[in-house]
Amino acid sequence: MKFKKMVISLAIMIAITPAISSAASDDECGIWLCAPIGFAPGDCAGPHRAMIRRIHKLQSPLPSLSSCGSNVKTDTVVAHDGRAAFIPSHEICLEFSEETVYTAYGPKINKTCIRYGESGDSWVKDRFCNPNCGNTGCNPDPKGCIRTDYYVEVYNADGTLIGQPYFFNID
């Protein structure tokens with residue numbers, strides 16, 4: 001409910017603001033509304049294209065909020081964007097069995113996985129994926145990463161995240 005009120009407030013603030021000559025396009029300003037909701041299909045297709053176009057032009061994914069109108073209160077929301085190491089879904093152990101084996105050096109606990117599951121995709125914000133390839137193969141850092149993606153997130157002035165970070169790859 002709180003999130004809806006924030007998005008509606010931002011939408012009204014942008015909608016009632018008169019355009020200025022250096023204004024960003026409607027689609028560019030729409031990035032501020034669509035990024036927190038993951039660029040939902042339909043009305044967010046144009047803003048998504050505008051964001052990708054901005055990145056290809058080596059610009060920030062979001063325009064300055066002040067470029068969306070002269071009466072926009074720029075101190076109400078802020079955006080953070082950057083790069084993130086992408087780690088694809090992979091098999092993980094969900095449950096172990098333990099067996100104590102007695103050796104000449106004392107007891108040793110052997111763990112065996114008895115139930116597997118999937119981790120789900122994940123990202124490590126503000127990190128590049130480094131493949132660390134050498135003569136013995138690759139040892140990526142962070143562990144398991146395969147590429148570096150982009151992300152954008154929008155916050156209230158009090159630092160509360162609006163929606164979820166939006167991760168994407170333009171390669």
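Throughout, numbering of the chain's residues begins at 1 and tracks the sequence.
Looking at heavy atoms from C-beta onward, Lys125 lies in side-chain contact with Pro165 at the 4.5 angstrom threshold. For the pair Cys145 and Val124, the minimum side-chain heavy-atom distance is 4.5 Å or more.
Taking CG from Asn132 and SG from Cys138, the interatomic distance works out to 8.5 Å, rounded to the nearest 0.5 Å. Distance check: Ile87 CD1 to Ser119 OG gives 8.5 Å after rounding to the nearest 0.5 Å. Put simply, CD1 on Ile109 and CD on Glu98 are 5.5 Å apart, with the number rounded to the nearest 0.5 Å. The CG atom of Asp27 sits 6.5 Å away from the CZ atom of Arg49 when rounded to the nearest 0.5 Å. Rounding to the nearest 0.5 Å places SG of Cys29 at 7.5 Å from CG of Leu65. One distance of note links CD of Glu95 with OG1 of Thr112; it measures 12.0 Å at 0.5 Å rounding.
The shortest non-hydrogen separation linking Val152 to Ala35 is CG1-CB, 3.9 Å. Nearest heavy atom pair, residue Cys129 against residue Thr148, reads N-OG1, 2.7 Å. Between Pro36 and Ile162, the shortest heavy-atom contact is CB-O, 3.3 Å. In this structure, Pro47 and Gly30 approach most closely via the heavy-atom pair CB-C, 3.7 Å. For Ala79 against Trp32, the heavy-atom pair with the smallest separation is CB-CH2, 3.6 Å. Between Val78 and Asn156, the shortest heavy-atom contact is CG2-O, 4.4 Å.
A salt bridge does not link Glu99 to Lys111: none of the charged nitrogens lies less than 4.0 Å from a carboxylate oxygen. Ionic pairing of Asp141 and Lys143 is not present here: no N-O contact between side-chain nitrogen and carboxylate oxygen is shorter than 4.0 angstrom.
Under the 4.5 Å side-chain heavy-atom criterion for Ile, Leu, Val, Met, Phe, Trp and Tyr, Phe128 and Ile170 are members of distinct hydrophobic clusters.
Heavy-atom neighbours of Asp126 CG from other residues, nucleotides or ligands within 6.0 Å: above the threshold of 12. Atom CG of Asn130 has more than 12 neighbouring heavy atoms from other residues, nucleotides or ligands inside a 6.0 Å radius.
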Contacts table for residues 50-61: side-chain donor-acceptor under 3.5 angstrom, sequence neighbours left out:
residue	atom	partner	partner atom	Å
Arg54	NE	Ser60	O	2.8
Arg54	NH1	Glu28	OE2	3.0
Arg54	NH2	Ser60	O	3.2
Arg54	NH2	Leu62	O	3.3
Ser60	OG	Leu62	N	3.4
Ser60	OG	Leu62	O	3.2

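A donor-acceptor pair under 3.5 Å is formed between the side chain of His90 and the backbone N or O of Pro88.
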message = I'd like to know whether Arg147 forms a side chain to side chain contact (heavy atoms under 4.5 Å, CB included) with Asn169, so could you lay out the CA-CA distance, the side-chain angles of the two residues, the decisive distance to 0.1 Å, and finally the verdict.
response = CA-CA 9 Å; Arg147 69 175 187 249; Asn169 182 4; 2.9 Å; yes

request  = Would you sort out whether Glu91 and Glu118 count as a side chain to side chain contact (heavy atoms under 4.5 Å, CB included), showing the intermediate values?
outcome  = CA-CA 5 Å; Glu91 188 175 65; Glu118 287 292 314; 4.3 Å; yes

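Screening Tyr166, Phe86, Phe167, Trp123 for a ring-ring contact (aromatic ring centres under 6.0 Å, His included) with Tyr151, the sole residue that qualifies is Phe167.
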